[in-house]
Amino acid sequence: MNASRLQRIRKEERKYHEQCFENVKLYQKGTWLHEPVDLVMDHFDYLQTDKPLSILDLGCGVGRHSIPLADKVRVTGGYVQCVDLLEKALEKLNQYSRRYGVDDAIRTEQGDISDYQIQENSYDYIVAGSSLEHVRSEDLLQKVLQRMAKGTREKGINCILMNTNIKEFNKKDGTERETLFEVILDKEKALSAFRREYKGWKELHVGEEPLELEINRDKEPVILKAVSLSYIVQKP
């Protein structure tokens with residue numbers, strides 16, 4: 001992808017998300033922030049929870065998953081490392097973490113997950129919820145997956161939710177328009193990439209479901225259609 005297209009995509013994504021974070025409250029009914037994804041929360045329970053656990057939330061946003069996970073680990077002295085590209089998202093996350101009383105278990109860091117370095121054997125649970133499609137390229141996606149795998153402790157779990165087969169349509173007339181995402185993969189290709197990097201890991205869940213969501217692009221309503229691929233694995 002050339003630099004100008006990447007810059008345009010990042011600009012549009014920033015505008016959409018910052019507008020959303022400003023106008024939609026965390027856990028507001030009728031929005032995609034209404035609640036954490038069940039798969040993320042349910043598979044946390046596969047971990048041994050009587051010790052301090054370290055969690056990494058890549059592309060954490062305003063804390064849809066970070067806050068309820070922090071609530072689970074704070075009792076035993078664990079924490080959630082929250083990484084996002086958008087400063088606005090992290091500002092909101094810090095506000096919400098105080099509101100929900102989990103700020104003692106939340107750590108935030110601004111950064112592009114395309115380049116984010118993960119120390120080996122550091123985390124018990126790594127979550128990438130609808131964030132890997134926003135790394136800068138397919139090549140970097142592979143490197144991110146490699147860092148996630150190496151950064152996971154024995155018996156640790158990686159939970160990936162990634163939008164694949166992404167297309168955008170103008171809401172007014174239904175015509176297809178340019179899809180402004182950094183990585184647009186067919187679901188089978190994405191699954192192959194996951195299985196290549198997590199060879200030898202135990203697959204706890206592999207699933208897919210259709211996604212249709214209304215978003216705004218430059219103040220114009222757009223229908224986003226995709227296949228949400230879920231892939232959850234445990235390290236031997």
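For the single chain, residues carry numbers from 1 onward in sequence order.
When atom types are taken as modelled, the side chain of N158 and the backbone of V233 share no donor-acceptor pair closer than 3.5 angstrom. Of the possible donor and acceptor atoms, one in the side chain of N165 sits under 3.5 Å from a partner among the backbone N and O of K187. Side-chain atoms of E182 do not come within 3.5 Å of backbone N or O of V135 as any donor-acceptor pair. Using a distance-only test at 3.5 Å, with no hydrogens or angles considered, no donor-acceptor pair links the side chain of E208 to the main chain of V227. Although no hydrogens or angles enter the test, the distance criterion places a donor-acceptor pair under 3.5 Å between the side chain of D124 and the main chain of S54.
Between K167 atom NZ and F169 atom CZ the span is 5.5 Å, to the nearest 0.5 Å. Note: L85 CG to Y116 OH = 13.5 Å, rounded to the nearest 0.5 Å. In this structure, CG on L141 lies 9.5 Å from CD on Q146, to the nearest 0.5 angstrom. The distance from atom CG of D173 to atom NZ of K171, rounded to the nearest 0.5 Å, is 12.5 Å. A distance of 5.5 Å separates CG of L93 from CD1 of I67, quoted to the nearest 0.5 Å. Atoms NE2 and CD, from H34 and Q28 in turn, are 9.5 Å apart once rounded to the nearest 0.5 Å.
Residues I232 and V40 fail the side-chain proximity criterion, which asks for heavy atoms closer than 4.5 Å. Two residues are said to be in side-chain contact when any heavy atoms from C-beta on lie closer than 4.5 Å; L180 and V222 fail this criterion. Side-chain contact between K235 and N121 is present, with heavy atoms from C-beta onward closer than 4.5 Å. In this structure, S66 and Y96 have side chains that are not in contact, with every pair of non-hydrogen atoms separated by 4.5 Å or more. Looking at heavy atoms from C-beta onward, I223 lies in side-chain contact with E212 at the 4.5 angstrom threshold. Side-chain contact check for T76 versus K51: every heavy-atom pair is 4.5 Å or farther apart. For the pair L161/L229, no side-chain contact is recorded, criterion being any heavy-atom separation below 4.5 Å from C-beta on. Put simply, the side chain of Y16 reaches to within 4.5 Å of the side chain of I215, judged on heavy atoms.
Taking a cutoff of 4.0 Å between a charged side-chain nitrogen and a carboxylate oxygen, R98 and D103 do not qualify as a salt bridge. Under the 4.0 Å criterion applied to side-chain N and carboxylate O atoms, D57 and R107 are not assigned as salt-bridge partners. We find that K225 and E176 are not joined by a salt bridge, their nearest charged nitrogen and carboxylate oxygen being 4.0 Å or further apart. The existence of a salt bridge linking K88 and E22 is confirmed by a sub-4.0 Å separation between a basic side-chain nitrogen and an acidic carboxylate oxygen. Between E35 and K29 there is no salt bridge, since no side-chain nitrogen of the basic residue lies less than 4.0 Å from a carboxylate oxygen of the acidic one.
Summarising the geometry of E168 relative to E178, their closest heavy-atom pair is OE1-O, 3.4 Å, with the distance given to 0.1 Å. G111 approaches V83 most closely through the heavy-atom pair O-CG1, 4.0 Å. Between I106 and S97 the shortest heavy-atom distance is CG1-CB, 3.9 Å. Taking both residues in full, the closest heavy atoms of Q110 and L86 are given as NE2-C, 4.4 Å, listed atom of the first, atom of the second, then distance. The minimum heavy-atom distance between R10 and S114, with the atom names listed, is NH2-OG, 4.0 Å. Of all heavy-atom pairs between M148 and A128, the closest is CE-CB, 4.2 Å.
The hydrophobic clustering, which links ILVMFWY residues whose side-chain heavy atoms are closer than 4.5 Å, places I160 and Y46 apart. In the hydrophobic cluster analysis, where Ile, Leu, Val, Met, Phe, Trp and Tyr join through side-chain heavy atoms closer than 4.5 angstrom, V144 is grouped together with L56. No path of Ile, Leu, Val, Met, Phe, Trp and Tyr side chains, each step under 4.5 Å between heavy atoms, connects I126 with L204, placing them in separate hydrophobic clusters. Hydrophobic cluster membership is shared by M162 and I118, with clusters built from Ile, Leu, Val, Met, Phe, Trp and Tyr side chains linked at under 4.5 angstrom. Tracing side-chain contacts under 4.5 Å through hydrophobic residues (I, L, V, M, F, W, Y), one reaches V24 starting from V62; they form part of the same cluster.
No more than 12 heavy atoms of other residues, nucleotides or ligands lie within 6.0 Å of CZ in R99, so this atom counts as exposed by the packing criterion. The number of heavy atoms from other shown groups lying within 6.0 Å of CD (E154) does not exceed 12.
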Which is it for K143 and E197 under the salt bridge (charged side-chain N to carboxylate O under 4.0 Å, His left out) test, yes or no, and what are the steps along the way?
CA-CA 9 Å; K143 293 181 180 179; E197 298 304 334; over 6 Å; no
Going through the distances and angles, do E220 and K172 end up as a salt bridge (charged side-chain N to carboxylate O under 4.0 Å, His left out)?
CA-CA 9 Å; E220 291 294 324; K172 289 182 179 179; 3.5 Å; yes
For side-chain contact (heavy atoms from CB on, under 4.5 Å), just list the numbers for R147 and E120, CA-CA rounded to whole Å, side-chain angles, deciding distance to a tenth of an Å, and then say yes or no.
CA-CA 8 Å; R147 291 195 291 265; E120 290 190 22; over 6 Å; no
For side-chain contact (heavy atoms from CB on, under 4.5 Å), just list the numbers for L26 and R64, CA-CA rounded to whole Å, side-chain angles, deciding distance to a tenth of an Å, and then say yes or no.
CA-CA 7 Å; L26 183 62; R64 181 186 184 189; 4.3 Å; yes
In sequence, state the C-alpha distance, the side-chain angles, and the governing distance for C60 and L90, and then conclude on side-chain contact (heavy atoms from CB on, under 4.5 Å).
CA-CA 8 Å; C60 59; L90 297 177; 3.7 Å; yes
Give the C-alpha distance, both sets of side-chain angles, the deciding distance and a yes or no for side-chain contact (heavy atoms from CB on, under 4.5 Å) between L47 and Y125.
CA-CA 8 Å; L47 297 167; Y125 198 41; 3.8 Å; yes
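For the salt bridge (Lys or Arg N to Asp or Glu O under 4.0 Å) test with K15, the passing option among E18, E13, E12 is E12; the others fail. No option in C159, C82, P36 other than P36 meets the side-chain contact (heavy atoms from CB on, under 4.5 Å) test with H65.
For the 3.5 Å distance criterion, the side chains of Q117 and D115 fail to qualify, holding no donor opposite an acceptor. In this structure, a donor-acceptor pair under 3.5 Å is absent between the side chains of D71 and Y100. At a cut-off of 3.5 Å, with distance as the only test, no side-chain donor of D186 or T164 sits close to an acceptor on the other residue.
For K72 and F44, the positive end is not near the middle of the six-membered ring at less than 6.0 Å and at most 45° from its axis.
The aromatic rings of Y198 and Y231 sit tilted relative to each other, their planes meeting at an angle between 30° and 60°. Ring-plane geometry between F181 and H134 is classed as parallel, the angle between the planes falling under 30 degrees on a 0 to 90 degree scale with a further cut at 60.
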